[in-house]
Protein chains: 2
Amino acid sequence: MKLTSRGRYAVTAMLDLAFHSKNGPVSLSAISERQNISLSYLEQLFAKLRRTKLVASVRGPGGGYTLNKEPQLLSVGEIIEAVNENIDATKCHGKSDCQGGERCLTHSLWQNLSDRISDFLNQISLQELMQKRDVKEVVGRQSCFKTASKDGSIDVLQMLVTKENL
Amino acid sequence: MKLTSRGRYAVTAMLDLAFHSKNGPVSLSAISERQNISLSYLEQLFAKLRRTKLVASVRGPGGGYTLNKEPQLLSVGEIIEAVNENIDATKCHGKSDCQGGERCLTHSLWQNLSDRISDFLNQISLQELMQKRDVKEVVGRQSCFKTASKDGSIDVLQMLVTKENL
DNA sequence: TCAATACCCGACTATTTTAGTGGGTTAAAT
DNA sequence: ATTTAACCCACTAAAATAGTCGGGTATTGA
């Protein structure tokens, strides 16, 4: 399970989608404007989300994307995995080439951890995130309005992302 | 909270350290050999781990590194954070520049998720990982011995890491 | 019909991060 | 003294990330 800004973009976009899909499909350009993510980049992400059946698309004017599952059935974990295209071949679980029990042990230990992270993220649904309405209070606390500092990067705790116009 | 192979290297090395620090400090070259991580790269990681006081160093012959905390007090989360050097300035929590409640809302929602991931990783100790002795069974299952496939990359579930000689 | 919308797709680029090298300095033990 | 190993740069190659460009194709509403 990899966790980078790519995944954050995907989750952010899916949240936006969830919030706005009440009346018909949502266009990427709308998400692009609201969340300030480049349109073409969104297209790339949504191509993957579509391939993994997390979203469905409607072409033509008035078209856009819709969630392909109920928000409560859509886990954050699968969104992140979807956009991270992990072609894990020749990995250690199954059979591989790490010699000696020593090294393999640490690998197993790490894998154990990785499994737990995956499980954790798979148990958090979009719905659950959306219902976090204590967020409103957070919004209130933050001076989140017109502090226009140009290249200011918004970020999430310790997730390192430099120079993002977000 | 970023989660990449860098963090895996760090946790792996710290696990190795924990397992071998019974009798004195452990040298990086020993870890390098056992875990097959380049020495110089380990040096970079341990420089950070030392700055954040997670390990202590002893110079000279017979020197090396020791854990600076008991394994049960050392969380996986802090190890990963330590090597990821997040200089998060101008972020949204506190005050920032995202205009309008719309965008800020999604940010807050994501932050909420990020916090939960952090909390989760901070609750997992090295000790706890080390005690996962069902791992032995895993080691048994895996044909983890001399399947020398040259550039074979070991990996952890969906954590994408290409061409690692690990 | 036809033009606007918006998905679709691939190649291409810049920046950043990752991982690893090399060369040297300092400290301590034999 | 010599060796060992931490320490500390600066530099590099490769990869991933984020974004651009330019062309499609399908759908719809005027």
Side-chain angles (χ1 to χ4, degrees), chain A residues 2-10 12-13 17 24-33 35-51 55-66 68 80 83-87 151 153-155 159-166, chain B residues 2-10 12-13 17 24-33 35-51 55-66 68 80 83-87 151 153 155 158-166:
Chain A
K2 208 166 55 157
L3 200 57
T4 65
S5 48
R6 188 198 202 82
R8 193 194 65 231
Y9 278 131
T12 300
L17 189 50
V26 180
S27 74
L28 289 191
S29 53
I31 300 180
S32 172
E33 267 187 40
Q35 305 304 331
N36 212 38
I37 306 173
S38 99
L39 180 59
S40 322
Y41 195 49
L42 275 179
E43 284 183 347
Q44 288 172 32
L45 296 181
F46 273 78
K48 290 176 182 173
L49 293 171
R50 199 175 62 91
R51 273 179 228 128
V55 297
S57 64
V58 181
R59 300 178 75 150
Y65 287 93
T66 50
N68 211 10
I80 293 173
V83 297
N84 276 343
E85 59 175 44
N86 15 31
I87 336 94
D151 91 315
S153 44
I154 296 309
D155 224 4
M159 185 164 183
L160 173 71
V161 183
T162 48
K163 278 188 218 148
E164 280 193 305
N165 307 319
L166 183 46
Chain B
K2 209 167 54 159
L3 201 57
T4 64
S5 49
R6 190 197 200 81
R8 194 193 64 231
Y9 279 131
T12 301
L17 190 50
V26 180
S27 76
L28 290 190
S29 54
I31 299 178
S32 172
E33 268 186 38
Q35 305 305 330
N36 213 38
I37 306 173
S38 99
L39 179 59
S40 322
Y41 195 49
L42 275 179
E43 283 183 349
Q44 289 173 32
L45 297 180
F46 274 78
K48 291 175 181 171
L49 292 171
R50 198 174 63 90
R51 272 179 230 128
V55 297
S57 63
V58 180
R59 299 178 74 149
Y65 288 91
T66 51
N68 212 9
I80 293 174
V83 297
N84 277 343
E85 59 176 45
N86 14 32
I87 334 94
D151 91 314
S153 44
D155 225 5
Q158 294 81 8
M159 185 163 182
L160 172 72
V161 182
T162 47
K163 276 189 217 150
E164 280 193 304
N165 307 317
L166 183 45

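Below, chain A is the first sequence line, B the second, and so on; all start at residue 1.
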- Donor + acceptor pair across side chains of B:Ser40, B:Ser38 (<3.5 Å): no

- Rounding to 0.5 Å, atoms CG (B:Asn68) and CG (B:Leu49) come to a distance of 11.0 Å

- Task: Let me know, please, whether B:Tyr41 or A:Gly63 comes out on the 5' side of the other along DNA chain C by nearest nucleotide.
- Result: A:Gly63

- Ranking B:Val58 and B:Ser40 by the position along DNA chain C of their nearest nucleotide, the one closer to 5' is B:Ser40

- Query: Once the angle between the rings of A:Tyr65 and A:Phe46 is folded into 0 to 90°, is it parallel (under 30°), tilted (30 to 60°) or perpendicular (over 60°)?
  - Reply: tilted

Looking at [X] and [N], is any side-chain donor or acceptor paired with a base atom of the opposite kind under 3.5 Å?
X	N	value
A:Arg6	D:dT17	no
A:Gln44	D:dT20	yes
A:Glu43	C:dC7	no
A:Arg59	D:dT25	yes

Within the pair [X] and [N], is there a side-chain N or O less than 4.0 Å away from OP1 or OP2?
X	N	result
A:Ser57	C:dA6	no
A:Thr4	D:dA16	no
A:Tyr9	D:dT17	no

- Message: Tell me whether A:Thr12 contacts the main-chain N or O of A:Arg8 through its side chain, where contact means a donor paired with an acceptor under 3.5 Å.
- Response: yes

What is the distance, to the nearest angstrom, from the [atom1] atom on [X] to the [atom2] atom on [N]?
X	N	atom1	atom2	answer
B:Leu39	D:dA6	CG	P	7 Å
A:Glu33	C:dA6	CD	P	11 Å
B:Lys2	D:dA16	NZ	P	14 Å
A:Arg8	D:dT17	CZ	C1'	12 Å
A:Leu42	D:dT17	CG	P	16 Å
A:Lys48	C:dC8	NZ	P	15 Å
A:Leu45	C:dC8	CG	C1'	14 Å
B:Phe46	D:dA5	CZ	P	15 Å

Looking at [options], which one has an atom nearest to any side-chain atom of [X]?
X	options	result
B:Ser5	D:dG19, D:dA6, C:dT18	C:dT18
A:Tyr65	D:dT4, D:dC7, C:dC7	C:dC7
A:Ser29	C:dC8, D:dC7, C:dA6	C:dA6
B:Ser27	C:dC8, D:dA6, C:dT5	D:dA6

- Side-chain touch B:Gln44/B:Val83, heavy atoms, less than 4.5 angstrom: no

- Hey, are the side chains of B:Arg6 and B:Leu45 touching, using non-hydrogen atoms and a 4.5 Å cut-off? yes

